[in-house]
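Reading through the structure tokens given below for one structure.
Worth knowing before you read on, the calculation uses all heavy atoms, side chains too, and leaves out hydrogens, waters and symmetry mates. Residues take their numbers from the sequence shown, with the count starting at 1.
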Amino acid sequence: MHSSSHDSETYNLETPQSTTGRDLSRRGLLAAAGAGALGAAVGWVPAFRISAADAAVTLPTPPGFPSGIPLYQQAYQNWSEEITIEAAWTCAPQNPAEVVTVVNWANANGYRVRPKGKGHGWSPFLVPSGANMDKFLLVDTTQHLTASTIDSSGSPKTVTAQAGITMDSLLVTLEAAGLGLAATPAPGNLTLGGVLAVNAHGSAIPAAGESRPGGMSYGSLSNLIRSLTAVVWDPAQNKYVLKTFQRTDPDIKPFLSHLGRAFITEVTLQVGANQRLRCTSRYDIQVTDVFAAPASAGSNSFAGLLNGCGRIEVIWFPFTTVPWIKQWYVKPSKPLLSRQVNGPYNYTFANFIDQATSDFLSQVVAGNVSGTPTFENGEMAIVGSGLITTGTWDIWGWSKNTLLYVQPTTLRIVEAGYAVVTSRANIQRVVSEFYNKYVATINAFRANGDYPMNGPIEIRVTGLDKPGEVDGIPGAVTPQLSSVRPRPDHPEWDVCVWLDMGTIPVTPKVSRFYAQMEQWIWANYTGSYATVRPEWSKAWAVTDSGAWTDTTVLTSTIRNTMNAGQPSNDNFDTARATLNRYDPNRVFSNTFLDTLLP
């Protein structure tokens with residue numbers, strides 16, 4: 001159906017690349033991986049490994065690599081029958097000390113190190129598309145850096161976890177101890193490190209009359225961090241070392257959401273008592289009522305629906321008349337009509353690719369998009385019938401069992417994403433203006449026979465990363481690079497409306513559509529009304545040439561919006577300087593980050 005994912009990897013929008021090795025044809029690799037048309041659609045899985053000693057390696061062998069740490073060349077298989085071989089050396093350290101060993105080796109040998117999780121995001125924070133990987137080393141955190149320990153002795157309770165643990169695993173561990181999070185990204189197959197690198201989020205603000213439970217935050221997951229350990233340069237020792245930062249240390253600010261410009265090995269998060277949540281799904285409200293102008297908005301408007309529950313997600317497929325609305329309610333005991341669920345991923349109808357979808361994909365790849373309106377209505381029909389046949393229109397259970405629903409088998413789409421920071425009173429205005437502009441734009445493209453958008457828009461709402469929600473730590477600092485960092489000059493801005501636009505990669509004209517929408521978004525949400533930041537894990541800085549290609553956005557627009565309203569000694573430039581001070585050799589960087597965070 002759709003995917004809302006948050007970890008550092010790179011996707012191309014219109015031109016999926018095939019970087020094949022000397023002896024490895026794309027077709028041969030596909031056959032070797034045992035992948036058919038649908039098998040290839042499950043997205044970014046390791047196709048094979050070649051050990052450093054193998055004659056088939058396609059890159060210069062790293063000289064004098066530390067013995068005892070496995071080194072291999074890793075490949076990836078794309079979701080769309082296009083194969084991108086990540087012709088990159090990869091290693092899997094068994095502990096943080098081995099990470100330090102690898103980093104110091106890399107620094108001495110002119111290599112760059114990229115911490116790799118599950119690769120579930122779109123932004124090129126790991127490596128940019130088409131990068132020359134001769135002098136890059138990917139460090140896989142998912143094999144060994146997965147430990148976690150819960151401390152229930154204090155208030156709030158905390159969990160200390162290594163960066164490679166998945167959210168699935170972390171939430172299972174927390175649930176067993178009676179603990180949980182207020183909100184979390186929909187996919188659980190994300191690493192904690194990847195989630196925190198891009199201040200990933202769920203969807204939650206206080207419902208009318210609700211007060212914040214201890215240990216929880218309505219902001220991004222980065223706001224839960226109480227301390228973290230990173231690999232940093234120590235000038236006194238002339239080498240990289242492990243350093244633990246506390247949440248009151250000004251230097252921790254850029255590490256709380258570092259966009260891939262650092263290597264975090266471990267974090268301590270605050271957590272709260274686990275909650276039972278009821279999630280109701282409905283598709284009986286006209287989209288024009290949901291996104292009505294504020295003056296005519298009623299109880300079935302986005303803001304009206306949100307006010308009663310505090311946790312909402314609206315998924316609307318273009319050219320359809322009703323959206324899929326999910327609302328979560330805190331309910332300690334099971335409502336009479338709800339179905340109890342004891343595990344996550346209950347919307348099974350959304351987590352497979354049927355024949356009609358496969359056929360439509362083939363048409364899009366071939367450049368035929370005329371079937372888009374029919375396909376969109378078919379997708380929404382699947383939602384409606386799926387909710388009924390699976391009995392999931394009203395489910396209740398522990399938090400993770402209703403919050404996690406996107407699996408690796410979900411159709412991988414690309415999403416452009418933006419964080420609109422504003423006041424709660426302006427939520428309906430934000431979504432209404434967005435909907436009207438989106439419809440006007442797709443209709444303008446449609447008039448020319450173009451259908452760039454064949455996935456849904458997805459709208460969620462969170463709070464901001466307020467330091468007051470870090471319990472028991474007076475003087476807690478804010479994440480400098482977070483999309484939801486509060487604006488001191490606008491204390492009335494207390495929420496973020498996340499605007500995501502999804503479509504299938506390679507769809508003709510997608511970049512042109514995204515570019516037009518983005519320019520409008522930057523221009524519309526301004527002044528005393530709102531401000532815009534990128535949703536870091538998604539596509540942004542789009543031109544007709546693709547995502548992350550708008551040099552003005554990359555070098556000035558983002559800097560300006562992150563600096564706006566912040567003290568001159570505590571802003572985007574400060575974050576960049578701090579990250580450069582702790583990694584002066586830019587071991588933790590790539591050509592894209594060299595532009596965004598020079």
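Annotation: Tyr525 is in aromatic contact with Trp520 [ring centroid separation under 6.0 Å]. Taking the centre of each ring, Phe291 and Tyr438 stay at or above the 6.0 Å mark. Note: Tyr405 and Tyr345 fail the aromatic proximity criterion, with ring centroids not under 6.0 Å apart.
Ring geometry for Trp536 against Trp540 counts as perpendicular: the plane angle is over 60°, on a 0 to 90° scale with 30° as the lower cut. Relative orientation of the Phe375 and Phe360 rings is parallel, given thresholds of 30° and 60° on the angle between their planes.
Interatomic distance, OG1 of Thr184 versus CG of Leu170, reported as 8.5 Å (0.5 Å rounding). Between atom CG of residue Asp500 and atom CD of residue Glu313 there is a gap of 9.0 Å, rounded to the nearest 0.5 Å. Rounding to the nearest 0.5 angstrom, the gap separating the CD1 atom in Ile388 from the OG atom in Ser385 is 7.0 Å. Atom OG of Ser123 sits about 9.0 Å away from atom CD of Glu535, to the nearest 0.5 Å. The line from CE of Met562 to OG1 of Thr531 is 9.5 Å long, rounded to the nearest 0.5 Å.
Taking the side chain as every heavy atom from C-beta outward, Asp489 and Gln566 never approach each other to under 4.5 Å. The shortest side-chain heavy-atom distance between His201 and Thr462 falls under the 4.5 Å cut-off. Counting heavy atoms from C-beta outward, Pro456 and Ile413 have side chains that approach closer than 4.5 Å. Between Arg424 and Ile205 the shortest side-chain heavy-atom distance falls below 4.5 Å. At a threshold of 4.5 Å between non-hydrogen side-chain atoms, the residues Val431 and Val497 count as touching. Looking at Glu469 and Arg212, their side chains come closer than 4.5 Å, going by heavy atoms from C-beta outward. Counting heavy atoms from C-beta on, the side chains of Arg429 and Tyr529 come closer than 4.5 Å. No side-chain heavy atom of Leu464 sits under 4.5 Å from any side-chain heavy atom of Val495.
Put simply, the side chain of Thr561 gets close to the backbone of Val532: a donor and an acceptor are under 3.5 Å apart. Looking at Gln327, its side chain does come within 3.5 Å of a backbone N or O of Leu305 through a donor-acceptor pair. A donor-acceptor contact shorter than 3.5 Å links the side chain of Ser483 to the backbone of Pro534. For Thr441 (side chain) and Lys437 (main-chain N/O), a donor-acceptor pair under 3.5 Å exists by modelled atom type. With Gln428 contributing its side chain and Phe302 its backbone, the two residues share a donor-acceptor pair below 3.5 Å. In this structure a side-chain-to-backbone donor-acceptor pair under 3.5 Å is present from Arg339 to Gly391. Side chain of Asn346 to backbone of Asn401: a donor-acceptor contact under 3.5 angstrom is found. Glu376 places no side-chain N or O within donor-acceptor distance of the main-chain N or O of Trp316, the cut-off being under 3.5 Å. Checking side-chain atoms of Asn199 against main-chain N and O of Leu196 turns up no donor-acceptor pair under 3.5 Å.
At a cut-off of 3.5 Å, with distance as the only test, a side-chain donor of Tyr218 or Glu210 sits close to an acceptor on the other residue. Arg278 and Ser338 share a side-chain donor-acceptor pair at under 3.5 Å. For Asp465 and Ser220, the side-chain atoms include at least one donor-acceptor pair closer than 3.5 Å. Side-chain contact of Arg226 with Thr268: a donor-acceptor pair under 3.5 Å is absent, judged by distance alone. With 3.5 Å as the limit, one finds no donor-acceptor pair spanning the side chains of Glu433 and Tyr435. Inspection of the Asn189 and Thr166 side chains reveals no N or O donor paired with an N or O acceptor under 3.5 Å. No side-chain N or O of Thr348 forms a donor-acceptor pair with one of Thr390 less than 3.5 Å apart. There is no side-chain donor-acceptor pair under 3.5 Å between Asn377 and Glu379. A side-chain donor-acceptor contact under 3.5 Å links Asn223 and Ser217. Side-chain atoms of Asp249 and Gln246 form no donor-acceptor pair, as typed in the model, at a separation below 3.5 Å.
Considering Val439, Ile442, Thr374 as possible partners of Phe319, the one that fulfils the side-chain contact (heavy atoms from CB on, under 4.5 Å) test is Ile442.
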Show the numbers, then the answer: is there a side-chain contact (heavy atoms from CB on, under 4.5 Å) between Thr141 and Lys116?
-> CA-CA 6 Å; Thr141 62; Lys116 186 175 83 70; over 6 Å; no

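Under a cut-off of 6.0 angstrom, the local environment of NZ in Lys400 is crowded, with over 12 non-hydrogen atoms contributed by other residues, nucleotides or ligands.
Taking the ring centre of Trp324 as origin, the terminal cationic atom of Lys326 falls inside the region bounded by 6.0 Å and 45° from the ring axis. For the pair Arg533 and Tyr418, the NZ or CZ position fails the cation-pi test of under 6.0 Å to the six-membered ring centre and within 45 degrees of the ring normal.
Ala183 approaches Leu221 most closely through the heavy-atom pair O-CD1, 3.7 Å.
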